[in-house]
Amino acid sequence: MPRVLKLLRPIAIIAVAAVIAVVMVRNKPQIESRQVEVPLPIVDAQLIELRDVPVTVVAYGNVAARRQLDLAAQVGGRILWKADSFEPGEVVEAGTLLLRIDDTDYRLALAEARQSLTSARLALADAKALRQAARVDEAEATVAAAEARIARAERDLANTEISAPYRAVIDEQAVEEGQFITIGTRLGRILGADSAEIRLSIPPQDIAFIDAGRHDEVRVVSSDASVIGEWTGRVKRVEARLDAQTRVFSVVVEVDNPLDGERHGSPLRFGQFVRTEIFGGTVANSVVIPQAALHGDDDVFLFEDGKLVRRSVEVGRISDGGALVISGLSSGERVVSTRLDLMFEGMEVALRNG
């Protein structure tokens, strides 16, 4: 009997545990089920108002002289005199004498040429008086040669003085007083002070807004914080050639008398880096939206009745983070300017400000 009890005890424990487990399962609290609402993505939207949008093309470039000239010696000799103004950075007026070369030999050559001409004319007169036709022809040729030698001697003598052909800035001075030079010796370089050019690189999307035939004013502003100034120029020309590597057009802006501080307020110096603003007219019935609102090249999302609606538009240009839309939108529509990770046609969204 004790042995039977020992065998039944584990079975009884298991049975009691099973009864307790069944009771606990039947009496467990019921979990209340409820539907959780997922909040809608919140977006910003721009209210579209079509109007005439002014277009300003902004570009940067360096100021350069329209005319540059390398000075070279046309005669040889020793430099006897050099002007104090013949120094880099100096401004000289047209006709200013810069250098004088020793002209002794050239004066002598001119005197000898004149003497030869006098002798040739006397010989011609004698031949004509004696009615010697052969001598007349020879004497006439001798006179012509003497006259040519005089012209050359006068030209050489004039070339012993080197003057500025126009108002200019001395860019480089390559010789000094006392130096012996030969024909072709490089003397220096000058930059024309009457006009400056700024060569700009304009992308194809902006070239349509620039017309070289219009003489609209171009605003030129210094981009160097240490040089403050503002000048007025004009579009001189739009070059027809498209750069094969950068795919941009070259537009040249011209500024008259750039060094005239009274006219411009401050001189515009060659080599200066500047910002230009070219007014390109106005585009009717258009609007500027954030560039981030574009999906691909020409798609936007509109907010309509709480949902996204995809729309194709025509973009005229992209500049400074803004896209100029010239068709495809109407006043009163709302373009979504927020860029979500996932956006698709018919997606439900909510406006940030209702």
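When a residue number appears, it is its place in the shown sequence, counting from 1.
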A side-chain contact here means heavy atoms from C-beta on lying under 4.5 Å apart; do [X] and [Y] qualify?
| X | Y | result |
| --- | --- | --- |
| Thr246 | Ser201 | no |
| Asp103 | Leu80 | no |
| Leu329 | Leu302 | yes |
| Tyr166 | Ile190 | yes |
| Ile162 | Phe86 | no |
| Leu242 | Arg247 | yes |

Practice item. Go through the steps for Asn159 and Tyr106 under the test side-chain contact (heavy atoms from CB on, under 4.5 Å), then give the verdict. Key: CA-CA 10 Å; Asn159 286 335; Tyr106 302 103; over 6 Å; no

Review point. Do Val335 and Glu333 pass the side-chain contact (heavy atoms from CB on, under 4.5 Å) test, and can you show the C-alpha distance, the side-chain angles, and the key distance before you say yes or no?
Key: CA-CA 7 Å; Val335 171; Glu333 294 181 321; 5.8 Å; no

Practice item. Any chance you could pull the hydrophobic cluster mates of Val252, using side-chain heavy atoms under 4.5 angstrom and chaining through other members? Key: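 When side chains under 4.5 Å apart are linked, Val252 ends up in no cluster with other residues.
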
Around [X], counting heavy atoms of other residues, nucleotides and ligands shown, do more than 12 lie under 6.0 Å from its [atom1]?
| X | atom1 | value |
| --- | --- | --- |
| Glu49 | CD | no |
| Gln46 | CD | yes |
| Arg152 | CZ | no |

Over all heavy atoms of both residues, which pair between [X] and [Y] is shortest? Give the atoms and the distance, please.
| X | Y | value |
| --- | --- | --- |
| Ala153 | Leu110 | CB-CA, 3.5 Å |
| Ala164 | Val92 | CB-CG2, 3.9 Å |
| Val274 | Ser223 | C-OG, 3.6 Å |
| Val248 | Pro203 | CG1-CA, 4.2 Å |
| Pro165 | Ala94 | O-CB, 4.1 Å |
| Gly192 | Ala65 | O-CB, 3.8 Å |

**Study point:** Steps toward side-chain contact (heavy atoms from CB on, under 4.5 Å) verdict (Val43, Leu351)
**Key:** CA-CA 5 Å; Val43 297; Leu351 286 181; 4.1 Å; yes

Distance from [X] atom [atom1] to [Y] atom [atom2], nearest 0.5 Å?
| X | Y | atom1 | atom2 | result |
| --- | --- | --- | --- | --- |
| Ser222 | Ile228 | OG | CD1 | 8.0 Å |
| Leu71 | Leu99 | CG | CG | 8.0 Å |
| Glu154 | Arg114 | CD | CZ | 5.5 Å |
| Gln115 | Ile150 | CD | CD1 | 11.0 Å |
| Leu122 | Thr142 | CG | OG1 | 12.5 Å |
| Met347 | Leu40 | CE | CG | 8.5 Å |

N/O donor-acceptor pair under 3.5 Å between [X] side chain and [Y] backbone:
| X | Y | result |
| --- | --- | --- |
| Arg186 | Asp70 | no |
| Arg317 | Asp206 | no |
| Thr160 | Asp156 | no |
| Asn257 | Asp260 | no |
| Glu90 | Glu87 | no |
| Trp231 | Gly265 | no |
| Arg311 | Val300 | no |
| Thr338 | Asp44 | yes |
| Gln173 | Val175 | yes |
| Arg339 | Leu294 | yes |

Point to revise | Val349/Leu308 under side-chain contact (heavy atoms from CB on, under 4.5 Å): CA gap, chis, key distance, verdict | key: CA-CA 7 Å; Val349 293; Leu308 296 181; 3.8 Å; yes

Please determine whether residues [X] and [Y] belong to a single hydrophobic cluster, defined as Ile, Leu, Val, Met, Phe, Trp and Tyr linked transitively by side-chain heavy-atom distances below 4.5 Å.
| X | Y | answer |
| --- | --- | --- |
| Val218 | Phe249 | yes |
| Leu340 | Phe344 | yes |
| Ile48 | Val315 | yes |
| Phe270 | Val255 | yes |
| Val57 | Val325 | no |

Check your understanding: Side chains of Thr232 and Glu217: donor-acceptor distance under 3.5 Å anywhere?
Key ->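 The criterion, which ignores hydrogens and geometry beyond distance, is not satisfied for Glu217 and Thr232.
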
Ionic contact status for [Y] with [X], cut-off 4.0 Å:
| X | Y | answer |
| --- | --- | --- |
| Glu277 | Arg219 | yes |
| Arg310 | Asp299 | yes |
| Arg67 | Asp194 | yes |
| Glu239 | Arg199 | yes |

Practice item. Anything under 30° is parallel, anything over 60° is perpendicular, the rest tilted; go ahead and classify Phe301 against His295. Key: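 Correct class here is perpendicular.
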
Practice item. Quickly, which of Glu197, Arg269, Gln272 forms a side chain to side chain contact (heavy atoms under 4.5 Å, CB included) with Val63? Name it, please. Key: Gln272

Practice item. Show your reasoning for whether salt bridge (Lys or Arg N to Asp or Glu O under 4.0 Å) applies to Asp102 and Arg78. Key: CA-CA 6 Å; Asp102 185 2; Arg78 189 173 303 280; over 6 Å; no

